[in-house]
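Remarks on the structure that follows.
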Amino acid sequence: MSSYETLHHGLSAPICLTWEVTYACNLACVHCLSSSGKRAPDELTTAEARALIDEWAAMQVFYINVGGGEPLARPDFFELMEHALERRIGVKFSTNGTLLDRAAARWIASTDYVDVQISLDGASPEVNDAIRGRGTFQHARRAMELLAGEGFRFKVNHVVTRRSFDQLDALYELVTGMGGQLRVTRLRPSGRGAAVWHALKLTQEQNRRLYAWLRTHPDVLTGDSFFHLSALGAPLDGLNLCGAGRIVCCVDPRGDVYACPFVLAPEFRAGNVRERSFASIWRDSPLFRRLRAREVEGRCRSCGAYGRCHGGCMAAKHFTGASLDDPDPECVFEPETGPTSTLIPLPLTPRPLRPVPLR
Amino acid sequence: MRRSDRIRLDEAVALRRERFGALAYSYRDRQLLFIDRRLLPFVSSDGGRPVGEIADELIDRGDLQEDAVPHLMTVLEGLRRKGIVHVVV
Ligand code: SF4
Ligand code: SF4
């Protein structure tokens, strides 16, 4: 049975459930997918968040990907995570690392089902800080050291850009040298990422080199992020299709449920957990039903690589103004568009670190 | 895997029923596996009966083809190697 047939009727619960717990963040990275910065006044309360976790446990959600904003900026973060773990929901959370102190590192290392991803967008302060803000490289490194000091195998999440591409090997050495594991993620034109997409997206040549690099680094995780590159040859690990609404969904800090964390737009909003149960949104929302039945049409259907790429990323198409039936804007068979210089000036600058009370 | 082996699910693995069968998730190494419907009676058994006996029962009920059994044993062996099921000793 193909992945499409398996997923056509939908799963009883998502596999990859991202929960953005807050829009609050002490940084303002130029490519933030959720345009985070300020806490939204109507974010889910602790009681609402706990009830949502209970519902996920009843649906047998195996694990949640917790993001934001900066999850550690939420005062009840540890309480909510403990609540999830008590209900046998594993937690994978992403953090910028700036608020991760020794106590947090100890707590993380003491749990069985918590994975942590620290965001790092370059192997040097020059490259990373131009995207994430002054001082953030050192803070992320400090967080890695704290976790390594507790004997915890952390992950580093790296959004690969044309500026950081040449540092992939150095970043790999840095992370694995500290006992961590590298995960690379594709830049999408979502949130603030739309404004910097043309300046930071990989060139076609870098995309080809990245595919070869990933094939020789099987220990590097991709979260199925680069499946559009599978069109270049043997498929990369993963399902190699857009999972939005099929296996993926995202709950935002206000309880809005979206098809994927990279499509926080009204067209891709399936409902709100304050109005309907998460389970009924997941199982029956017209949007999710449509996405499950959907296959990319157009030129992709006559492409020899369709079985490996399935037309690419819906978010990348939507936020570049393409039709969802068009090929992925980074389709490996499309010609280069725009300049290939690796140092195009950024239209946005990251804000330097702001203090946020931790607990 | 032999017909006389009795198997049970690893205690760190959760099984969630789906239309196609089930999803198995290992909390130990974060592996996620799609389990075909035909494997479910074996994977969700508690180690009380040999796999051959379960297979015979499914064949009698018409839920399994006899010639599919060797392949099924290979798949179960694969699940054992991945730590999803254990042979009860
Ligand atoms: S044409 Fe479509 S299916 Fe073919 S490689 Fe490009 S995006 Fe993928
Ligand atoms: S829209 Fe893009 S990021 Fe979202 S699930 Fe689909 S392929 Fe992945």
Side-chain angles (χ1 to χ4, degrees), chain A residues 1-17 55-65 84-93 111-117 153-155 181 183 219 221-224 237-241 243 246-248 279 282-283 289 292-293, chain B residues 7-47 55 58-59 61-86:
Chain A
M1 220 192 318
S2 76
S3 312
Y4 264 110
E5 286 165 67
T6 308
L7 303 176
H8 185 75
H9 297 289
L11 300 175
S12 64
I15 291 176
C16 185
L17 198 176
E55 197 186 349
W56 290 335
M59 292 171 78
Q60 266 196 290
V61 168
F62 299 130
Y63 61 88
I64 49 179
N65 301 302
L85 296 173
E86 280 161 17
R87 273 146 191 75
R88 220 189 181 205
I89 298 178
V91 169
K92 302 183 179 185
F93 87 90
T111 60
D112 279 340
Y113 302 145
V114 174
D115 281 334
V116 180
Q117 283 188 169
R153 192 170 189 231
F154 60 87
K155 295 184 173 65
Q181 190 175 21
R183 176 189 151 127
D219 56 326
L221 305 169
T222 64
D224 223 357
D237 268 358
L239 284 176
N240 287 303
L241 55 80
R246 296 185 172 116
I247 57 171
V248 177
W282 172 256
R283 286 172 195 152
R289 281 176 178 269
R292 284 163 199 160
Chain B
I7 58 172
R8 62 165 175 75
L9 202 64
D10 183 276
E11 66 268 14
V13 174
L15 212 54
R16 186 172 87 205
R17 303 293 167 126
E18 298 289 351
R19 278 175 207 251
F20 57 83
L23 274 173
Y25 181 70
S26 168
Y27 287 92
R28 186 171 294 125
D29 57 10
R30 281 54 164 171
Q31 255 189 112
L32 184 78
L33 290 171
F34 288 73
I35 305 283
D36 186 273
R37 189 180 299 120
R38 284 161 295 189
L39 290 172
L40 261 186
F42 302 90
V43 172
S44 55
S45 82
D46 58 3
L58 292 170
I59 293 166
R61 286 212 313 253
D63 290 341
L64 186 69
Q65 305 276 331
E66 191 146 17
D67 55 6
V69 173
H71 176 63
L72 192 133
M73 293 294 165
T74 313
V75 177
L76 287 176
E77 175 59 20
L79 291 178
R80 188 192 65 76
R81 289 218 182 109
K82 288 189 163 112
I84 301 294
V85 295
H86 294 295

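Being a predicted model, the structure only gives us computed values, none of them experimental. Residue numbering restarts at 1 for every chain, and letters A, B, ... go by the order of the sequence lines.
The cationic group of B:Arg16 does not satisfy the cation-pi geometry with B:Tyr25, failing either the under 6.0 Å distance to the six-membered ring centre or the 45° limit from the ring axis.
A distance-only check finds no donor-acceptor pair linking the side chain of A:Asp224 to the backbone of A:Gly238 [under 3.5 Å]. The closest donor-acceptor contact from the side chain of A:Trp56 to the backbone of A:Ala13 lies at 3.5 Å or more, if one exists at all.
Heavy atoms closer than 4.5 Å to chain A are found in the backbone of B:Leu15, but not in its side chain. Only the side chain of B:Arg19 comes within less than 4.5 Å of a heavy atom in chain A; its backbone stays farther off. Heavy-atom distances place the backbone of B:Arg17, and not its side chain, under 4.5 Å from chain A.
Between B:Tyr27 and A:Tyr113, the closest heavy-atom pair is CB-CE2, 3.3 Å.
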